Amino acid sequence: MNNRKIAFLGLFVALAFVLSYIEYMLPLNIGIPGAKVGLANLVVMVALYTVGEKETISLSIIRVVLVGLTFGNLSMMLYSLAGAGLSLCAMLIAKRTGRFSVTGVSVLGGVFHNIGQIIVAMLVLETESLLYYLPFLIVIGTITGVLIGFVANLITTRVKGVFKM
Amino acid sequence: MKKNDIILIAVLLAAALLTAVGMRIWQMNNTRDAAKVVVTIDGQVYGTYPLDEDRTERIELPDGSYNILTISDGYADVTEASCPDQICVKHNHIKYSKESIVCLPNKVVVTVEGGEDSEIDGATF
């Protein structure tokens with residue numbers, strides 16, 4: 001990892017942290033547990049396409065732990081970790097297949113983020129009735145995924161030049 | 001956007017729509033007159049209330065937090081809660097079998113059960 005990468009990774013961690021805070025202040029409240037805009041995913045997407053895969057994984061873990069310690073509690077950290085972990089796995093696989101553009105990868109990330117959170121909620125609350133939210137969570141994840149993917153694409157094409165220097 | 005992205009989005013939306021419609025039909029067919037509202041806290045049953053009887057129940061948690069469950073006109077609804085996100089309050093009222101309102105911070109789940117018991121009673125006649 002060269003110095004440029006380290007500097008950018010630090011910047012990305014800070015950005016993801018701030019975006020998580022904004023999302024914490026402006027929750028998407030439509031009566032569905034687990035639904036999130038996933039603003040921080042924007043940073044994860046940009047990092048995935050610029051800094052690299054390994055670095056993005058550490059960025060994701062650092063963000064969840066930092067945000068969990070600052071604004072939430074242990075159970076909230078568990079939800080985010082499951083969401084972020086599953087979403088990152090889906091995005092890494094989707095990116096490696098090379099069949100999807102930034103938008104497709106981001107959509108899968110958004111959908112799997114919501115699925116991960118609902119799975120943890122089902123385990124914590126010991127109820128399978130949460131499964132009935134799944135279609136709505138898939139739709140929300142797809143919409144936010146398209147939006148995040150669109151913005152991430154704009155940023156990535158502009159930032160990529162910096163890494164080639 | 002690639003062609004694959006559009007296919008992916010279309011497949012996801014179609015799958016979501018199909019499961020939503022399928023579940024709704026199943027729910028409507030499995031809701032009987034004797035439907036009950038079951039309240040659980042952290043997986044433990046807290047109380048069971050008939051859905052055809054108007055009432056207001058204050059669900060108290062050991063740590064002082066609460067959810068207020070209102071049953072009226074055959075619908076169950078959480079009308080007030082101490083949780084910070086208020087997702088359960090924003091949630092639409094429910095009446096069909098297996099529909100639920102969830103309060104993650106309080107670990108409270110309000111579920112409609114379709115009254116299968118009464119069907120068994122009816123069958124033994």
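Here the structure is a predicted model, which is why all the values come from computation and not from measurement.
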- Item | same_hphob_cluster(A/Ile93, A/Ile119) at 4.5 Å side-chain heavy-atom cutoff | no
- Message: Heavy-atom cut-off 4.5 Å, strictly under: side chain, backbone, both or neither for B/Ser100 against chain A?
- Response: both
- Query: Do A/Leu134 and B/Val21 share a hydrophobic cluster (ILVMFWY, side-chain heavy atoms under 4.5 Å, transitive)?
  - Reply: no
- To the nearest 0.5 Å, tell me how far B/Leu17 CG sits from A/Ile138 CD1. 11.5 Å
- B/Leu12, part contacting chain A, at a heavy-atom distance under 4.5 Å: both
- Message: Show every salt bridge (charged side-chain N to carboxylate O under 4.0 Å, His left out) that has at least one partner inside residues 66-80 of chain B, sequence neighbours left out.
- Response: none
- Item | Cluster link A/Val139 to B/Met23, ILVMFWY, side chain under 4.5 Å | no
- For chain A, which residues from residues 39-56 of chain B have at least one heavy atom closer than 4.5 Å to it? B/Asp42, B/Gly43
- Gap separating the CG atom of B/Leu104 from the CD1 atom of A/Ile118, nearest 0.5 angstrom: 7.0 Å
- Query: Rounded to the nearest 0.5 Å, how far apart are OH of A/Tyr133 and CD of B/Glu99?
  - Reply: 8.5 Å
- Message: Taking CZ in A/Phe136 as the centre, count heavy atoms belonging to other residues, nucleotides or ligands within less than 6.0 Å. Is the count above 12?
- Response: no
- A/Val124 versus chain B, heavy atoms under 4.5 Å apart: side chain, backbone, both or neither? both
- Message: Heavy-atom cut-off 4.5 Å, strictly under: side chain, backbone, both or neither for A/Tyr79 against chain B?
- Response: side chain
- Task: Nearest 0.5 Å please: distance from the OH atom of A/Tyr132 over to the OG1 atom of B/Thr19.
- Result: 11.5 Å
- Item | Min side-chain heavy-atom separation A/Leu130-B/Val102 under 4.5 Å | yes
- Message: Can you tell me if B/Lys107 has over 12 outside heavy atoms packed within less than 6.0 Å of its NZ?
- Response: no
- Any donor-acceptor pair under 3.5 Å linking the side chain of B/Asp5 with the backbone of A/Thr103? no
- Note on the structure: Closest heavy-atom pair, B/Ala16 versus A/Pro135, reported as atoms and distance to 0.1 Å, is O-CB, 3.3 Å
- Item | same_hphob_cluster(A/Val64, A/Leu42) at 4.5 Å side-chain heavy-atom cutoff | yes
- Give a yes or no on whether A/Phe8 and A/Leu88 share a hydrophobic cluster (residues Ile, Leu, Val, Met, Phe, Trp, Tyr; joining criterion: side-chain heavy atoms under 4.5 Å apart). yes
